[in-house]
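A, B, ... follow the sequence lines: proteins, then strands. Residue 1 opens every chain.
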4 protein chains.
Amino acid sequence: MTTGTGSLREAQKALTRSRIIDAARVVFEQQGYAGASIGLITTEAAINRATFYLHFPDKAAVFREVVALDRMHTDEYWRELNTALMSGTRDAMARWILRLTHWARDNASLMPSKHEAMASDPEFAKEFQPRYDRLSDEIAEFLRTVPADDRADMKIRVQMLVVMLDQMFFHALVQGVWAGGEDQLLRVATDICCKALDIE
Amino acid sequence: MTTGTGSLREAQKALTRSRIIDAARVVFEQQGYAGASIGLITTEAAINRATFYLHFPDKAAVFREVVALDRMHTDEYWRELNTALMSGTRDAMARWILRLTHWARDNASLMPSKHEAMASDPEFAKEFQPRYDRLSDEIAEFLRTVPADDRADMKIRVQMLVVMLDQMFFHALVQGVWAGGEDQLLRVATDICCKALDIE
Amino acid sequence: MTTGTGSLREAQKALTRSRIIDAARVVFEQQGYAGASIGLITTEAAINRATFYLHFPDKAAVFREVVALDRMHTDEYWRELNTALMSGTRDAMARWILRLTHWARDNASLMPSKHEAMASDPEFAKEFQPRYDRLSDEIAEFLRTVPADDRADMKIRVQMLVVMLDQMFFHALVQGVWAGGEDQLLRVATDICCKALDIE
Amino acid sequence: MTTGTGSLREAQKALTRSRIIDAARVVFEQQGYAGASIGLITTEAAINRATFYLHFPDKAAVFREVVALDRMHTDEYWRELNTALMSGTRDAMARWILRLTHWARDNASLMPSKHEAMASDPEFAKEFQPRYDRLSDEIAEFLRTVPADDRADMKIRVQMLVVMLDQMFFHALVQGVWAGGEDQLLRVATDICCKALDIE
DNA sequence: TATGAATGAGTATTCATTCAT
DNA sequence: AATGAATGAATACTCATTCAT
């Protein structure tokens, strides 16, 4: 009996929870991090404001959840970077960077909130930033092909380049402010990466 | 109406104005953009809240003023980049990047607010971002030394690298989250830039 | 969701709402329309300032509500006017006007605010004024006894007289500024009305 | 010397004073009594806010001044009423009422503020209302033609009718809310007055 | 579990008024 | 006499959060 009821309630609870997360994403995308209020989120989710507090302690918590979904994708793309780096060809790099633009386009709408949250709350900065550390894990396989002495440098090098690409796409796609067409951006970005990594 | 009276009053007004700007800077540094309230600013400036509105229409306006001071320095550093690029030596680049760290350290405290403001207010993003366009002007001299066909690409290339360095310093110095020591960061950054620009 | 809970909550809400309305009436009477602040109203109602906004969007809305109660009485008295007109005797008119003084005395305290609101806000003027149009509806029965050709004039005629009486009571009772005693006022007013309506 | 300078200064002072009064009238007409702020008045007068306090202690004082000008005209029209009443013809009454519409149209714009001020400030009500007492003075000549026993009633009677006409024009001309055309209004108003005064 | 109602704390903004010049 | 700058006080409004149901 308890199990039955329990699992039903659990399902209801999970449903409400995901409604909140989905609504929160929409609101964060439209209003930014500071601009999003719990009232807006619960209105969007069509639930009562008090219900929110049954599932999350505050705005930051639900934001973490929203972002978590993105990060799974991030990991995936980084794993693909490992493959590209292993192949060691300019072509593979170019293809990966192109793929990155697709990812960026998909996630563009949430980025401003993410940047805003990171900038305003040091807690977030610490929490979201370490992903660049995790990058090392994802490309561990590639790093092992690098001479041990160069390995530390190479880790930093790749991190910097990824940061650069992230920023480039943020500026170019999200904010739309960048001179030059997309083809040119891709070409130059690829060239910088290849040169920096001694590819070809 | 007389010059004497006028300039005295002008001086008084300017004094109050700069008190506000200074106080605002302190508050923005400590509390971030959204966290800074006009009450905090006027308390810090030890003036009446209403006096603020005599000098600025809102928080955004005083923030623009605060940031404007930084941007003057930015232009200066970009002019120095032109010199470094013209010399075309790895050493010059290394020195310039080192200098950039000093600048970053000086301005580090305001950066979170800046990023936050840019992320939250599209108006700010438009206003502060275009600086990368102005970068082209500052390095115009260098660009003229590049074959005409490569010029457009080179402009983008330099922009990307500067964005990368900005981000690197933001992460490393301001938020303090980056594996590896500062020496290593500088070394790798310099190497990426030189390789990307075919220096040496 | 259950009827019991729903109606209990509804009752609580209605209670708070009526507390606000009652308090607002007191404040409007004492302070006038412009002089009444939401703070005063909520203090008088002994509720939190924010609670006010849960029930009304602004001062104008609660004022409308306060006035609405009066207007129900107004309609009632106008219906009685119809009866008096139908009877067509000076005595009936006199009695009705006397009754009007009672009504005026009851509602006198709120009138200044009403006049003030109407004078300051064209929205209110439009909203409260059209009642004179509704007057025609209330005395429709009487109007049908009037020759068709005179009907339009008679409508205006009655409206004017009612406006006159309203004003007279406003000046005499509310503001207390009028030479002569109340008996005299009633006698003269009745006489003017009867003569203007060819009664007797 | 003192006289010369004095009269020059006096002239300047009078000029500024009348600038304030003129500006105040414009602002009261546009913004209403409560809506008019000293800032708006001084902006309209193109003088400094502090200068206002050199000439008037507060908003009420300048409003009194503004209204005083109107009242002179009022007295004039009331004197003409005396003439019309003396002639004792329907035609004379009709002409006077028509003339009243012209006056009403001229002064319509300030009326809302006047009503608002009277409604909100009992001081104003007392100050502006007594004019109906002065009405008795203006029509004193006519009153002497009335049998001594009816004189008191007649005074009230005329006052009521004037109040009615004032209100009618206020509603019809200023607020524009009144069914029927102007001709009809004039005709009915004239008829009521004549009947009430036993003219014809 | 979910909700409607209520709250307390905080924030921007406006205005009348005063003072040194 | 006139002004620019500054002030203190008041007000509307919003939001995150809690509690009884």
What is the distance, to the nearest angstrom, from the [atom1] atom on [X] to the [atom2] atom on [N]?
X: D/Leu40; N: E/dA16; atom1: CG; atom2: C1'; answer: 13 Å
X: D/Leu15; N: F/dA1; atom1: CG; atom2: C1'; answer: 12 Å
X: D/Gln12; N: F/dT3; atom1: CD; atom2: C1'; answer: 14 Å
X: A/Arg49; N: F/dT17; atom1: CZ; atom2: C1'; answer: 9 Å
X: B/Phe56; N: E/dT13; atom1: CZ; atom2: C1'; answer: 17 Å
X: C/Lys59; N: F/dA10; atom1: NZ; atom2: P; answer: 16 Å
X: C/Glu10; N: E/dG4; atom1: CD; atom2: P; answer: 12 Å
X: B/Ile41; N: E/dT11; atom1: CD1; atom2: C1'; answer: 12 Å

Inter-residue atom distance [X].[atom1] - [Y].[atom2], 0.5 Å rounding:
X: A/Ile20; Y: A/Leu15; atom1: CD1; atom2: CG; result: 10.0 Å
X: D/Glu44; Y: D/Arg19; atom1: CD; atom2: CZ; result: 10.0 Å
X: B/Arg49; Y: B/Ser37; atom1: CZ; atom2: OG; result: 7.0 Å
X: A/Ile21; Y: A/Thr16; atom1: CD1; atom2: OG1; result: 11.0 Å
X: A/Ile38; Y: A/Phe52; atom1: CD1; atom2: CZ; result: 4.5 Å
X: C/Arg25; Y: C/Ser18; atom1: CZ; atom2: OG; result: 13.0 Å

Nearest listed nucleotide, side chain of [X], among [options]:
X: C/Asn48; options: E/dG8, E/dG4, E/dA6; answer: E/dG8
X: D/Ala50; options: F/dA6, E/dT18, F/dT14; answer: E/dT18
X: D/Ser37; options: E/dC15, E/dT17, E/dT13; answer: E/dC15
X: A/Lys13; options: E/dA16, F/dT18, E/dT1; answer: E/dT1
X: C/Ile47; options: E/dT3, E/dT17, E/dT7; answer: E/dT7

Inset, instruction - Please report the shortest heavy-atom distance between D/Phe63 and D/Ala117, naming the atom on each side. - result: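 Taking every non-hydrogen atom into account, CE2-CB, 3.4 Å.
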Legend entry - N or O in side chain of B/Thr16 less than 4.0 angstrom from F/dA6 OP1/OP2: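 For B/Thr16, the contact criterion (side-chain N or O under 4.0 Å from OP1 or OP2 of F/dA6) is met.
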Legend entry - E/dT1 OP1/OP2 closer than 4.0 Å to side-chain N/O of A/His55: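 Checking E/dT1 against A/His55, no side-chain N or O comes under 4.0 Å of OP1 or OP2.
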Inset, instruction - Flag this pair as yes if the NZ/CZ of A/Lys59 is under 6.0 angstrom from the six-membered ring centre of A/Tyr33 and inside a 45 degree cone about the axis; otherwise no. - result: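 Yes, a cation-pi geometry.
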Legend entry - Comparing C/Tyr53 and B/Arg17 on DNA chain F - which has the more 5′ nearest nucleotide: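 First, find each residue's nearest nucleotide; the 5'-ward one identifies B/Arg17.
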Inset, instruction - For C/Ile38 and for A/Ile38, locate the closest nucleotide of DNA chain F by heavy-atom distance; then report the residue assigned to the nucleotide nearer the 5' terminus. - result: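 That would be C/Ile38.
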Inset, instruction - For B/Leu54, report the nucleic acid contact type (base, sugar-phosphate, nothing); a contact means any heavy atom under 4.0 Å. - result: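 Result for B/Leu54 = base.
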Inset, instruction - Scan D/Thr51 against the nucleic acid and name what it touches under 4.0 Å (heavy atoms): base, sugar-phosphate only, or nothing. - result: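 It contacts base atoms.
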Legend entry - Close residues, residues 22-30 of chain B, relative to DNA chain E [heavy-atom separation under 4.0 Å]: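 Heavy-atom contacts with DNA chain E come from no residue of residues 22-30 of chain B; none.
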Legend entry - Contacts of B/Glu65 that satisfy salt bridge (Lys or Arg N to Asp or Glu O under 4.0 Å) - sequence neighbours left out: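 For B/Glu65 the salt bridge (Lys or Arg N to Asp or Glu O under 4.0 Å) partners, ignoring immediate neighbours, are B/Arg17.
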Inset, instruction - Would you please test B/Val62 and B/Phe28 for side chain to side chain contact (heavy atoms under 4.5 Å, CB included) and show each step? - result: CA-CA 10 Å; B/Val62 72; B/Phe28 282 128; 4.2 Å; yes
Inset, instruction - Could you summarise the pairing of DNA chain F as dot-bracket text, marking Watson-Crick and G-U pairs under 3.5 Å with ( ) or [ ] inside the strand and | across strands? - result: .||||||||||||||||||||
